[in-house]
Amino acid sequence: MSPAERRRILVVAALARDAAGRILLSQRRADQSFPLCWEFPGGKIERGEPPEGALIRELREELGCEATVGGIFEVVFHAYDDFDLLMLVYACTLLGTPAAVQVAAVGWFEPGALPGMAMPPADYPLARRLADHG
């Protein structure tokens, strides 16, 4: 498959922190790819949807809470075997308490713990950066 033929997927993710500096992660369901892995919450952008709107929608659907979306904190690229993933990670403030609505679980974690957690490969570079620099 040539580079021009590879499928590209654009997703959005939230970097949300609590007052103690812990970072919110959601756990993928057992029936999804990368089952039960922890990830920065978010998802795919639908056609014609602005990225910030997609993130608000995804957080509402998956975590049952609203959010204020700030600026882009990180842009992550990862080449999986079958597709290329581009992830726009936005700094977010959650409005309300997140709950596991369409995910297996949610949790707040110390930045230093993130690299040791089971995560999809695309999430590890950001996890390492947060562990190293808070």
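- Shortest non-hydrogen contact noted between Ala104 and Arg29 is N-CG, 3.8 Å.
- Annotation: the span from Gln27 atom CD to Met117 atom CE amounts to 8.0 Å, rounded to 0.5 Å.
- Of the inter-residue distances, the one linking Asp18 atom CG with Thr97 atom OG1 reads 11.0 Å to the nearest 0.5 angstrom.
- The two residues Phe34 and Pro121 have their closest heavy-atom pair at CE2-CD, 3.4 Å.
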Test log, rule side chain to side chain contact (heavy atoms under 4.5 Å, CB included), inputs Leu25 and Asp123: CA-CA 11 Å; Leu25 297 179; Asp123 288 63; 5.9 Å; no

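- Taken from CZ in Phe83 to CD1 in Ile9, the straight-line distance is 4.5 Å, to the nearest 0.5 Å.
- Contacts of Glu39 classified as salt bridge (Lys or Arg N to Asp or Glu O under 4.0 Å), with partners at least two apart in sequence or in another chain: Arg28.
- Taking every heavy atom of both residues into account, Ala14 and Cys92 meet most closely at CB-SG, 3.7 Å.
- In the hydrophobic clustering, where aliphatic and aromatic side chains (Ile, Leu, Val, Met, Phe, Trp, Tyr) are joined below 4.5 Å either directly or transitively, Trp108 groups with Leu10, Val12, Leu24, Ile45, Leu55, Ile56, Leu59, Leu63, Val69, Ile72, Val75, Phe77, Leu86, Leu88, Tyr90, Leu94, Val103, Val106.
- Pairs passing the side chain to side chain donor-acceptor pair (under 3.5 Å) check and including a residue from residues 55-66, sequence neighbours excluded, read Glu49-Arg57, Arg57-Glu61, Arg60-Glu66.
- Nearest heavy atom pair, residue Pro115 against residue Ala127, reads CG-O, 3.7 Å.
- Chaining together hydrophobic side chains whose heavy atoms lie under 4.5 Å apart leaves Leu36 on its own.
- Between Cys37 and Pro120, the closest heavy-atom pair is CB-CD, 3.7 Å.
- Residue pairs meeting the salt bridge (charged side-chain N to carboxylate O under 4.0 Å, His left out) criterion with at least one partner in residues 105-122, sequence neighbours excluded, do not occur; the list is empty.
- Judged as a side chain to side chain donor-acceptor pair (under 3.5 Å), the pairs with a partner in residues 67-79 (not counting sequence neighbours) are, in order, Glu74-Arg129.
- Among residue pairs with one or both ends in residues 37-56, those qualifying as ring pair (Phe, Tyr, Trp, His ring centres under 6.0 Å) are Trp38-Phe109; sequence neighbours excluded.
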